[in-house]
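A quick write-up on the structure given underneath.
None of these values were measured; they are calculated from a predicted model.
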Amino acid sequence: MDISHWVFVVSVLLLFLASGSFSIDNFHQPFPIVEPDPGHTKLRLSREGLEAISRINTPIAAVAVIGPYRSGKSFLLNQLLSLSCYEGFGVGHMRDTKTKGIWVWGIPLELDIDGVRTSVFYLDTEGFESVGKSNVYDDRIFALATVMSSVLIYNLPETVREADISRLSFAVELAEEFYGRVKGQDVAFEPAKLLWLIQRDFLEGKTVKEMVDEALRHVPNTGGDKNIDQVNQIRDSLAVMGDNSTAFSLPQPHLRRTKLCDLKDDDLDPMYVKKREQLKELVASIIRPKIVQGKSLNGKEFVSFLEKILEALNKGEIPSTGSLVEVFNKGIVERCLKLYNERMGKLRLPMPEQSLQDAHDRSREEAMKAFDELHFGRRHAKTSFKQLDEDIKEVNKNIIMANEYHSARLCEALYTQCEDNMDQLQVLRLPSMAKFNAGFLQCNRSFEQECIGPSKANYEQRMVKMMGKSRSLFIKEYNQRLFNWLVTFSLIMVMVGRFIIKFILIEMAAWVLFIFLETYTRMFWSSESLYYNPVWHFIVSTWETIVYNPILDLDRWAIPIGCTVALWMLYWRCYGRRKHKSRWLLPMYNSHKSGSNRPRSD
């Protein structure tokens, strides 16, 4: 029992290793790259096929065959690849469709295209109009094959029907969106070359091109049928795309269609074999590497491109070129938005609103100009244009908010600084109207010059109120403070003139000032009336000249000057009178009358 158990485990491991080596090494087989979801409405990627493609390092081109189910697409691909039905793509002999989604042959053909070694993959697609599928699913298969291929072979049995033309609406819309770019500029991608392949033995005296051109002629629409108008529009667009399409006829290989896989080339119709080889040469002559945004894609880049396309096609209820245009323009929108951000990021905030608006207009114009030069698509590019405009508006909104914030911070700092300066001027040690006015003007000047941005108007109003209030308060207290200071100063000078330096004139002048200040307001008018007296104006003018002038700010140097004067007077009191007594010309107090010459009394 134990031995059989271990044999089973070893067998499972060997099978696992074998399958792993098979998926990595054996690429000589078809792989699914896109599969339908369970609801058969949308598509999803298959990692097996993506692995087969992503390993390629050279530029890639793809040939896709599309058409109705049971129209021989898989057999045609095997013929183009020189493969039998048993080693190539599976060929269905039953009435249901054999291929599901999109399949790729694991080993590409290596071709030299314009001197560039190119790996050409062949893609088999699920047929249209099979049972159990929605039209939306068919549209997604057609759309994906149109976008990812370099050559799109439209395989049609017998003739070109109205329904076959209608199915080209997506390819036409793609061409209208992405054709017409200036040669040499980056393009989102080059739409596939359309190859009409009509499998028919007799063309009734017409060439296949004449047959296709006849099918693409306008159909009279006297009844105003909308469907006919729509198909006629597609016909007109396909006529414009004439340089990007070609036609080819291929006869039936054999009357016994169910036995084709068992027949060799010698058993097939010689005309078919000849035309098949011509078809191979035609495909090789028109195929080009897949170009996306001006660059040919290798395997990994092609897989990444496929992932973006599939996401866009699955995005809406129906596949649209608009969703593809958005995918390709997404990177350009981001690039242009980055350009706008770089231009606006160089601004030094805060700044005036008009200057910011001018900078925004210039940066937006530059970004929009770049988008106009780089964008993909014509009609559907408007969506990406609007998206870029909305993104720029959102960024600009944030910049405006940042400007308002920086402006408020700057103006608030200047306002606070002026408020502090006004508070300091209110408590000057030596009250000075000239110094207050100088500080007042300096605050106004600095605020006007440095406060910028949207907050300036608001803070200007606050500044006017604050400065007016400070000025009124200073003027209200100025005369009273100066009056009190002069009274105090006169008393101090009386003490200095009498007891320290003993200068009679200084003491007398101090007494005159004190008596004038104290008696004038009591004997004649009120203290307020003193402020209108010419003598008071003279005193104030003299005071202002001494306290604050271009040479000296006495309020700032009051303490150092006071200390210096005190030391000088102390020196004079102790030593100066002895040395300079004979030189002093001013009258001084004389205390010799109480000296030794006075007669003594008993």
Side-chain angles (χ1 to χ4, degrees), residues 26-34 45-46 48-67 72-85 87-90 99 101-126 141-142 144-155 171 187 189-197 244-246 248 250 275-307 309:
N26 188 8
F27 289 100
H28 191 76
Q29 60 177 317
F31 295 96
I33 56 175
V34 175
L45 295 174
S46 174
E48 288 180 288
L50 298 184
E51 182 182 352
I53 296 176
S54 61
R55 65 190 177 92
I56 304 300
N57 295 323
T58 55
I60 282 181
V63 177
V65 179
I66 60 173
K73 298 186 300 301
S74 299
F75 179 79
L76 174 63
L77 280 167
N78 290 333
Q79 291 289 293
L80 294 176
L81 289 167
S82 302
L83 297 172
S84 69
C85 298
E87 61 178 339
F89 291 100
T99 304
I102 299 178
W103 289 61
V104 62
W105 181 248
I107 299 178
L109 295 182
E110 301 294 336
L111 296 180
D112 191 322
I113 302 176
D114 296 332
V116 178
R117 186 181 172 216
T118 305
S119 300
V120 181
F121 281 100
Y122 282 79
L123 308 176
D124 192 10
T125 64
E126 188 171 351
I141 290 290
F142 190 102
L144 186 58
T146 302
V147 174
M148 65 188 297
S149 62
S150 301
V151 174
L152 187 66
I153 300 178
Y154 200 181
N155 185 49
V187 294
F189 60 88
E190 295 179 355
K193 299 281 186 180
L194 179 61
L195 174 57
W196 298 83
L197 181 62
N244 201 52
S245 64
T246 186
F248 193 84
L250 190 66
K275 297 287 284 183
R276 182 193 66 190
E277 297 304 314
Q278 292 177 356
L279 178 60
K280 289 181 181 180
E281 295 175 0
L282 175 62
V283 171
S285 66
I286 63 177
I287 196 167
R288 292 294 180 270
K290 192 64 184 177
I291 302 295
V292 175
Q293 294 182 343
K295 178 185 177 183
S296 58
L297 304 183
N298 59 25
K300 292 182 179 179
E301 293 167 341
F302 187 87
V303 169
S304 176
F305 169 75
L306 180 59
E307 290 173 344
I309 295 301

Residue list, side chain to side chain contact (heavy atoms under 4.5 Å, CB included) with Q278, at least two apart or on another chain: F248, K274, K275

Starting at CZ of F75, measure out to CG of L80 and round the result to the nearest 0.5 Å. 10.0 Å

With side-chain contact (heavy atoms from CB on, under 4.5 Å) as the test, would you mind laying out the steps for L279 and L195 before giving the verdict? CA-CA 10 Å; L279 178 60; L195 174 57; 3.7 Å; yes

Measure the CG-OG distance between L111 and S285 for me, rounded to the nearest 0.5 Å. 11.0 Å

For the side chain of K290 and the backbone of S149, is there at least one donor-acceptor N/O pair under 3.5 Å apart? yes

Quick one: CG on L194 to CD1 on I286, what's the gap to the nearest 0.5 Å? 9.0 Å

Where is the tightest heavy-atom contact between R55 and I107, given as atom of each residue plus distance? NH2-CA, 4.1 Å

S119: side chain to side chain donor-acceptor pair (under 3.5 Å) partners, not counting sequence neighbours: T58, E110

Atom pairs and distances, donor-acceptor, side-chain atoms in residues 299-307, under 3.5 Å, two or more places apart:
from: E301; atom 1: OE1; to: N298; atom 2: N; distance (Å): 3.1
from: E301; atom 1: OE2; to: K295; atom 2: NZ; distance (Å): 2.7

Counting only N and O atoms by type, is there a donor-acceptor contact under 3.5 Å from the side chain of S296 to the main-chain atoms of P59? no

Might you point out which heavy atoms bring F121 and G106 nearest each other, and give the distance in Å? CE2-O, 3.9 Å

Counting only heavy atoms not in N57 (residues, nucleotides, ligands), do more than 12 fall under 6.0 Å from its CG? no

What residues, two or more places apart in sequence or in another chain, satisfy side chain to side chain contact (heavy atoms under 4.5 Å, CB included) together with P30? F89, W103, W105

Going from CD on E51 to CD1 on I53, what distance comes out if it is rounded to the nearest 0.5 angstrom? 11.0 Å

From L250 CG over to I153 CD1, what is the distance, rounded to the nearest 0.5 angstrom? 10.0 Å

What one should report as the nearest heavy-atom pair of L123 and A62 is CD1-CB, 4.0 Å

In Å, rounded to the nearest 0.5 Å, how long is the span from CD1 of I60 to OG of S54? 8.5 Å

Shortest non-hydrogen pair, K73 vs E126, comes out as CE-C, 4.4 Å

How close do S150 and I287 get, counting heavy atoms only, and between which atoms? CB-CG1, 4.0 Å

Shortest non-hydrogen contact from A145 to I66? CB-CG2, 3.9 Å

Among all residues two or more places apart in sequence or in another chain, which pass the salt bridge (charged side-chain N to carboxylate O under 4.0 Å, His left out) test with D114? R288

Sorted by chain and residue number, the side chain to side chain donor-acceptor pair (under 3.5 Å) partners of S82 (sequence neighbours excluded) come out as K280

